[in-house]
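Quick notes on the structure that follows.
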Amino acid sequence: MNLLGFAALLGVTLAWTALPLIPALRELWAPSDVDPLRMVGRDNTDISRFARNFREYMQRNLERLPPDAAVGDYFGRLPDGTHFVRVSRLPGVLDRGAVPDGSHDRVVILEQDVELNGHERFRLELWARGNLRGGPGAEYRAILGEGTVSLAAESVVWRWVHSNGLLRVKDGCALFGRTSSDTSVWLGRDVGFERVGAPWIVAGERAAPAAAEIPTDLIPFQPPAEAAVRGDHLRVEGDLTLPPRSVWHGNLVVTGTLRVGVGSVVRGSVKAHEGVELEAGGMVTGSVVTRGGIRTAESVWVHGPVIAEGEILLGSGSTVGSPEHPTTVSGESVVLALEAAVCGHLLAVRGGRTES
Amino acid sequence: MIGQVLAILLWIVVTILISYTLRHYVFTLNRVFGRFRQPYVDIGIADWPEVAVFVPAHNEERVIGGMLDALLASDYPTDRFHIIPIDDRSQDGTGAIIDQYAARHPDRVRPFHRTEGKPGKAAALLDATSRSTAEIFLVFDADYLPGPNLLRQLVAPFFDPEVGAVMGRVVPHNLNRSLLTRLLDLERAGGYQVDQQARMNLRLIPQYGGTVGGVRRAALLDAGDWDSDSLAEDTDITFRLVLRGWEVVYQNRSECYEEVPENWPTRIRQIQRWTRGHNQCLRRYAIPLIRNPGHLRWAQVIDGILLLGVFAVGPVLLLGWGLATALYFMGYPMLQGLLILFAVASYSTLGNFAAFFEVATAARLDGSRNRIRLLPFLALGFLVNLLAVSRATLSRGSWQAPGTDGPNWHKTERYRLDAPGGKP
């Protein structure tokens, strides 16, 4: 009797112990999640990727449509069921089809140059195969433009916009997600953005300048005596200021704030733990990195990447990179003053804007 | 008297274990609630520096071809990087395979056949890196499979002139082979997704792991180059760089597939090798860290000590169990009543599960669905690790000065059957 009781107690105990192992045992005997983590190729730095994928997707699907889909205006469905409208004759076709309140629930393909009235709401992608001039207050899910794309004031793009030609964005627009052009992006005043990529991105309509020349009449900077050489850089504890019109050859790491005086040049890369301030006409031929914020005055030029874990404020007429040597500006937030420009990628983790 | 000594020892053990428990929780809670810090991951376009990619290989004919194929498919500017496969006196077909690749890609693959000098990865790297003038050195073990954009991602942090080394994330690709590979997948997730990234977030000391990473040439030379006698050249260079004022960066998005051990004996040998190398570094760098050269924050010093001591915790835990048992049978009254009950209950609730909490959080952050169900089996993995690590820690090799163990190649068995470009 005692033995039976012991066996029963043992059995109950073992069952009780095994109870939390049931999911584990099930997963062990019948694996349901044994694929390696999918990760190779995941990369946010290819800003125009969505646009390219969309073009390939559309071309692949349109090829499978009947021949009459290529003639005139055509309302139909792609082979995967997506509704679309192909517009070859304007105006007015976008109002056809009993679409309520002027909104458009189809992928829209515009086969020729188009100028829209404004205040449209495109709930699916818009593919402009000619030039596109949007009207004010329009909302777009995404735009792929094969020519020039102009977004009128107060327009919103929710996911991405890409133009093969010039992308002109007027005042007060909001560009969520990815914004890119194969040539130039011109941003008006008070334009919000997140990820922008183009050979020339400018707040305003300034043309790309010739590469900046480094002055030759600068005074060599004398670092503080307590500065320490660490490999290929000079490490300075605390704040550091380069006086006006001075030059330093080499990389600099500063544990406080770094100020580069008016017209001064650093021929190398700089990092400052607390922040970087570049005064008017300052130049850095390498990268500028900080855990804090970066503020540049007017007409500053930085050749390499500009990376900040705080806010980046690019002053009027300042340029990062060059058309021949595009680079990256990335900060927690970014503010572009009028005529500030970036060649390459401009990324603001929590959003950026142009000055109003 | 003996009882008092044992009790003091036990309290020291308890303090150490609580420190590691707190560390697990701080890291895990940081990953759940903290800011994800990855300042360099967005650098996708720039004037990229010249890079040399080193692939140390000793009898790696099963995998070396796949590794070279993967590197050759990289989107890094082709005129800015070259690959230096290091054939360190292999007795199989590794050297011939490397030569075939060099013949096909003479501008990009520059083989280095080592036939003399000390064997071993650190010695091979020391010889090989002295033959390159590239600004950045990346290192991959031969069984890894880097994606096309990985080189760019790993080089990006070096635009920060203070960064001396970069580490990417290692992801097992053969996890469907056994219970062990699945447990290692969970362990790796916890170690990288939570541990390393939390150190990065908190500006502590992320560790350069010897593969899927790289060092700046100037930093390497400033820190005294690779130590050919070190059993863990990765941990060794991490702490020498940090002590010299360089930063080590971890990039969670820079992921690379690896092959993990598929059987327990291989795993035990691997972790015992890591233990001996890590403990060597504990012996060398604990005191310099505590002395603090001045530029380190105390949080970094504490994290550094805990990181160095991580493989010494196993025997400490075993010691604690022994001490507690001995004191119990000696009838030694440590604390009475509710306090001890509360302490035991608290530790059982929180302490024992800290590592599980970390792994579970990592799996959730990775978006894994059902692999987390295997979590209870990690207790088995931890038990094996505990014994293997304790044995290695108590071995002579763990505490000898570097070089006295005799340099050698310590290799992990390879399993891959589909060896592209290599022998199956």
Side-chain angles (χ1 to χ4, degrees), chain A residues 20-28 31-47 195 197 228-233 235 237 250-253 255 268-271 273 286-287 289 291 303-305 307-309 321 325-332 343-345 347 349, chain B residues 37 39-47 135 145-150 152-153 156 159-164 169 171-177 179 181-182 185 189 203 216-223 244-247 253 255-257 294-295 366-377:
Chain A
L21 294 177
I22 289 174
L25 292 168
R26 186 181 160 194
E27 181 60 26
L28 182 63
S32 61
D33 189 10
V34 287
D35 292 330
L37 281 181
R38 278 184 298 165
M39 61 1 169
V40 176
R42 195 173 64 191
D43 194 338
N44 285 327
T45 58
D46 184 359
I47 293 180
R195 293 175 169 268
V229 176
R230 290 277 183 272
D232 58 356
H233 70 255
R235 184 184 177 92
E237 301 293 329
N251 297 339
L252 272 176
V253 173
T255 61
S269 296
V270 300
K271 179 186 186 176
H273 290 185
S287 52
V289 182
R291 297 171 184 170
H303 181 86
I307 307 298
E309 295 185 51
H325 299 281
T327 192
T328 302
V329 174
S330 173
E332 191 71 5
C343 303
H345 287 176
L347 308 151
V349 176
Chain B
R37 184 169 168 259
Y40 314 104
V41 77
D42 282 331
I43 302 177
I45 187 166
D47 271 350
E135 195 177 332
L145 292 169
N149 50 12
L150 185 63
R152 266 192 305 114
Q153 291 179 345
F159 284 107
D160 178 344
E162 195 179 17
V163 170
R169 179 177 174 182
V171 177
H173 74 86
N174 58 332
L175 71 161
N176 61 349
R177 304 304 289 267
L179 173 62
T181 58
R182 301 193 69 185
D185 176 60
R203 301 186 205 286
R216 185 192 298 272
R217 181 168 175 268
L220 181 67
L221 297 178
D222 182 55
R244 285 287 294 167
W246 294 91
E247 239 182 71
R253 285 252 188 95
E255 299 145 318
C256 184
Y257 285 130
H295 58 265
D366 278 337
S368 303
R369 291 174 296 114
N370 295 336
R371 66 190 66 188
I372 199 62
R373 290 176 179 170
L374 291 172
L375 201 60
F377 288 130

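Letters A, B, ... mirror the listed sequences (proteins, then strands); counts begin at 1. Computed from a predicted structure; not experimentally measured.
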Nearest heavy-atom neighbours spanning [X] and [Y]:
X	Y	answer
Tyr257(B)	His173(B)	CD2-CB, 3.6 Å
Arg371(B)	Asp35(A)	NH2-O, 2.7 Å
Pro31(A)	Arg182(B)	CB-NH1, 3.6 Å
Arg169(B)	Leu37(A)	NH2-CD1, 3.5 Å
Gly286(A)	Ser269(A)	CA-OG, 3.6 Å
Ala189(B)	Asp366(B)	CB-OD2, 3.8 Å

Option in [options] with maximal non-hydrogen atom pairs under 4.5 Å from chain B:
options	value
Glu237(A), Arg26(A), His273(A)	His273(A)
Gly331(A), Ala228(A), Ser287(A)	Ser287(A)
Pro305(A), Gly344(A), Gly321(A), Gly268(A)	Pro305(A)
Pro326(A), Gly197(A), Pro36(A)	Pro36(A)
Val349(A), Leu21(A), Leu28(A)	Leu28(A)
Arg230(A), His233(A), Glu332(A), His303(A)	Arg230(A)

Arg195(A) bridged to Asp42(B) by N-O distance under 4.0 Å: yes
Note: Glu247(B)-Arg203(B) ion pair, threshold 4.0 Å (strictly below): no
Answer with side chain, backbone, both or neither: which region of [X] has an atom nearer than 4.5 Å to a non-hydrogen atom of chain B?
X	value
Arg235(A)	side chain
Asn251(A)	side chain
Val34(A)	both
Ile22(A)	neither
Val329(A)	neither
Ser330(A)	side chain
Ile307(A)	side chain

Residue pair Asp33(A), Ser368(B): steps toward the side-chain contact (heavy atoms from CB on, under 4.5 Å) verdict: CA-CA 8 Å; Asp33(A) 189 10; Ser368(B) 303; 4.0 Å; yes
Under a 4.5 Å heavy-atom cut-off, does chain A meet the side chain of [X], its backbone, both or neither?
X	answer
Leu221(B)	neither
Phe159(B)	both
Asp160(B)	both
Pro161(B)	both
Arg244(B)	both

Any side-chain heavy-atom pair of Arg217(B) and Leu220(B) under 4.5 Å: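 They are not in side-chain contact.
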Contact winner vs chain A - Asn176(B), Leu175(B), Leu150(B), heavy-atom pairs under 4.5 Å: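 Looking at each of Asn176(B), Leu175(B), Leu150(B) in turn, Leu175(B) comes out on top.
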Distance in Å, Ile45(B) CD1 paired with His345(A) NE2, rounded so as to fall on 0.5 Å steps: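 It comes to 4.5 Å.
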Heavy-atom donor-acceptor pair, Thr327(A) side chain to Ala46(B) backbone, under 3.5 Å: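 Such a contact is absent between Thr327(A) side chain and Ala46(B) backbone.
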